[in-house]
Amino acid sequence: MAKFVAGLEDVIALESSICLVDGTHGKLYYRGYSIEELAAHSTFEETAYLLWFGELPTSFQLKDVEDSLLDNREFPGEVLDIIRDFPPTATPMEVLRTVVSALSSFDRNACYFSREADLCKTMRLTAQIPVAVAAHHRIRSGLPVMTPRAELGHAANFLYMLQGIEPDAVSARAFDVALVLHADHELNASTFAARVSAGTLADMYSSITSAIGTLAGPLHGGANQQVMQMLEEIGDMARVEEYVDRTLKEKKRVMGFGHRVYDTTDPRAEVLRQLSQEVGASKGDLRWFEISEKIRETVWRKKQLYPNVDFYSASLYHVLGIPHDLFTPVFAISRIAGWTAHVLEQYANNRLIRPRAEYVGPRNRQYVPIDDRGEYPVLPELRDQESPQEGTQTQ
Ligand code: CMC
């Protein structure tokens with residue numbers, strides 16, 4: 001049997017032609033195009049097309065996909081009612097996970113399994129996830145749900161539906177680029193989860209629900225929200241040194257730093273850094289960018305860790321006016337393009353994903369009747385916890 005590798009680090013689990021992460025040189029390519037080039041020239045819609053179909057679209061093909069995404073913004077009223085029924089304490093990621101699962105019951109393609117039907121589900125999920133995130137936020141804030149605007153692209157329409165006003169050109173473009181940057185990243189944990197589900201021939205909605213549940217963790221997509229919490233906790237450049245010292249001394253993670261694959265700079269962090277500065281300057285609020293810069297310098301000096309994609313996206317999303325608990329759902333708004341591309345690729349050449357575990361438990365034990373088992377320590381009291389999130393940073 002193959003050797004055990006903790007966390008499957010560097011294990012090649014499958015072949016894919018979607019995304020290349022060159023962790024040694026800090027490079028990232030979608031279908032052979034560098035992320036820097038796509039960030040400079042592409043849009044989310046065009047990048048999604050590239051991920052799904054393997055080629056950059058002609059203007060006719062791009063229009064086709066843009067039209068399909070527009071048509072699919074129409075959201076089932078029944079699912080809107082489900083969103084209204086959530087308690088105010090529901091987190092946006094809980095709501096999104098449930099909504100994506102529910103959407104399958106209102107998709108007439110859901111029961112068909114063909115590439116055509118799966119492409120329809122792909123368009124529908126990509127178009128409806130941002131609508132769901134914006135609608136939930138408006139409902140929980142006691143605000144009317146906005147009707148999508150056909151003349152706005154994917155990125156600008158989300159900001160419009162969230163905030164009720166059309167974003168300025170700098171903000172709309174910055175957010176569009178952020179969506180391009182987050183759209184795929186090879187076999188990251190949530191994409192792997194989607195492919196494991198798809199590998200059982202579970203449907204697209206089940207696979208994406210698995211991915212969303214996996215994205216929520218603070219070591220994956222949940223990191224960007226925790227970066228913002230850190231920035232707020234620090235609050236002032238003068239406190240950065242002490243915060244980083246304390247965090248490292250307590251053997252905790254500085255959120256937004258380190259990466260399983262990159263030994264050097266995460267190229268997405270470099271582009272996001274520029275966007276954070278640009279949008280911060282245009283809004284007259286460079287405070288969060290400047291604190292981020294000081295953290296970057298301090299973490300490098302003390303631990304030689306590079307920032308990852310979640311680090312500068314936090315200060316960028318904050319100055320774009322996106323509520324902090326929506327940062328991870330915003331990751332999903334973009335990553336849906338990659339998840340669906342991977343599910344399509346998995347279906348096209350499927351093999352069940354079923355690794356092995358190395359058994360390290362006791363062997364050959366004799367069953368002991370219950371009355372002969374002696375006095376075992378009692379279980380700790382089973383009761384509701386006050387704060388289930390407590391301590392996640394120390395994982
Ligand atoms: N802060 C402090 N120390 C760290 C950090 C960090 N953020 N990341 C790694 N290290 C240290 C770790 O303590 C260990 O040090 P030592 O060898 O002295 O014990 C060393 O670096 C190697 O760490 P590891 O845990 O073996 O690395 P990993 O590949 O398992 O972890 C990671 C990768 C992303 C989970 C980790 O870097 C981390 O927890 N970062 C903070 C959370 C975060 O920003 N997550 C977003 C990841 S990028 C976007 C995404 O994929 O969603």
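Counting convention: from 1, in listed order, for ligands and their atoms alike. Only a predicted model underlies this, so the values are computations on that prediction, with no experimental measurement involved.
- Taking a cutoff of 4.0 Å between a charged side-chain nitrogen and a carboxylate oxygen, D245 and K249 do not qualify as a salt bridge.
- Checking N224, V271, L272 one by one against V309, the side-chain contact (heavy atoms from CB on, under 4.5 Å) holds for a single residue, L272.
- The pair D168-K283 meets the salt-bridge criterion, since a charged nitrogen lies less than 4.0 angstrom from a carboxylate oxygen.
- Contact of the L275 side chain with the Y312 side chain is not registered, since no non-hydrogen atoms from C-beta on lie closer than 4.5 Å.
- For D310, the heavy-atom gap to ligand 1 drops under 4.0 angstrom.
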Query - Worked verdict on M161 versus L152 for side chain to side chain contact (heavy atoms under 4.5 Å, CB included) - result: CA-CA 10 Å; M161 290 194 71; L152 296 180; over 6 Å; no
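- Heavy-atom contacts of L219 reach the following atoms of ligand 1: 39 (O), 45 (N), 46 (C), 47 (C) (cutoff under 4.0 Å).
- The option with the heavy atom closest to atom 40 (N) of ligand 1, from among Y306, Y262, F257, F311, is F257.
- Set against the non-hydrogen atoms of G221, the atoms of ligand 1 under 4.0 Å away are 52 (O).
- Residue contact check: G258 has heavy atoms under 4.0 Å from atoms 34 (C), 37 (O) of ligand 1.
- When hydrophobic clusters are built by joining Ile, Leu, Val, Met, Phe, Trp and Tyr residues whose side-chain heavy atoms come closer than 4.5 Å, directly or via intermediates, L119 is not grouped with L70.
- For atom 11 (C) of ligand 1, the nearest non-hydrogen atom from the set R260, K303, R268, Q226 comes from K303.
- Closest to atom 32 (C) of ligand 1 by heavy atom, among R253, K252, K302, K251, is R253.
- Residue contacts with ligand 1 include G256, since one of its heavy atoms falls under 4.0 Å from the ligand.
- Defined by atom type and a distance below 3.5 Å, a donor-acceptor pair is missing between the side-chain atoms of T122 and W52.
- Salt-bridge check for R31 with E37: failed, with every basic side-chain N at 4.0 Å or more from each acidic carboxylate O.
- Between Y317 and F175, the ring-plane angle classifies as perpendicular under the 30° and 60° cut-offs.
- Each of the atoms 37 (O), 48 (S) of ligand 1 lies under 4.0 Å from some heavy atom of H259.
- Summarising the contacts of atom 6 (C) of ligand 1 with L248, V244, L305, the nearest heavy atom is found in L305.
- Looking at A223, G217, S190 and measuring to atom 43 (C) of ligand 1, the nearest heavy atom belongs to A223.
- The distance from ligand 1 to the heavy atoms of H220 drops below 4.0 Å at these ligand atoms: 46 (C), 50 (C), 51 (O), 52 (O).
- Less than 4.0 angstrom separates some heavy atom of V309 from each of these atoms of ligand 1: 49 (C).
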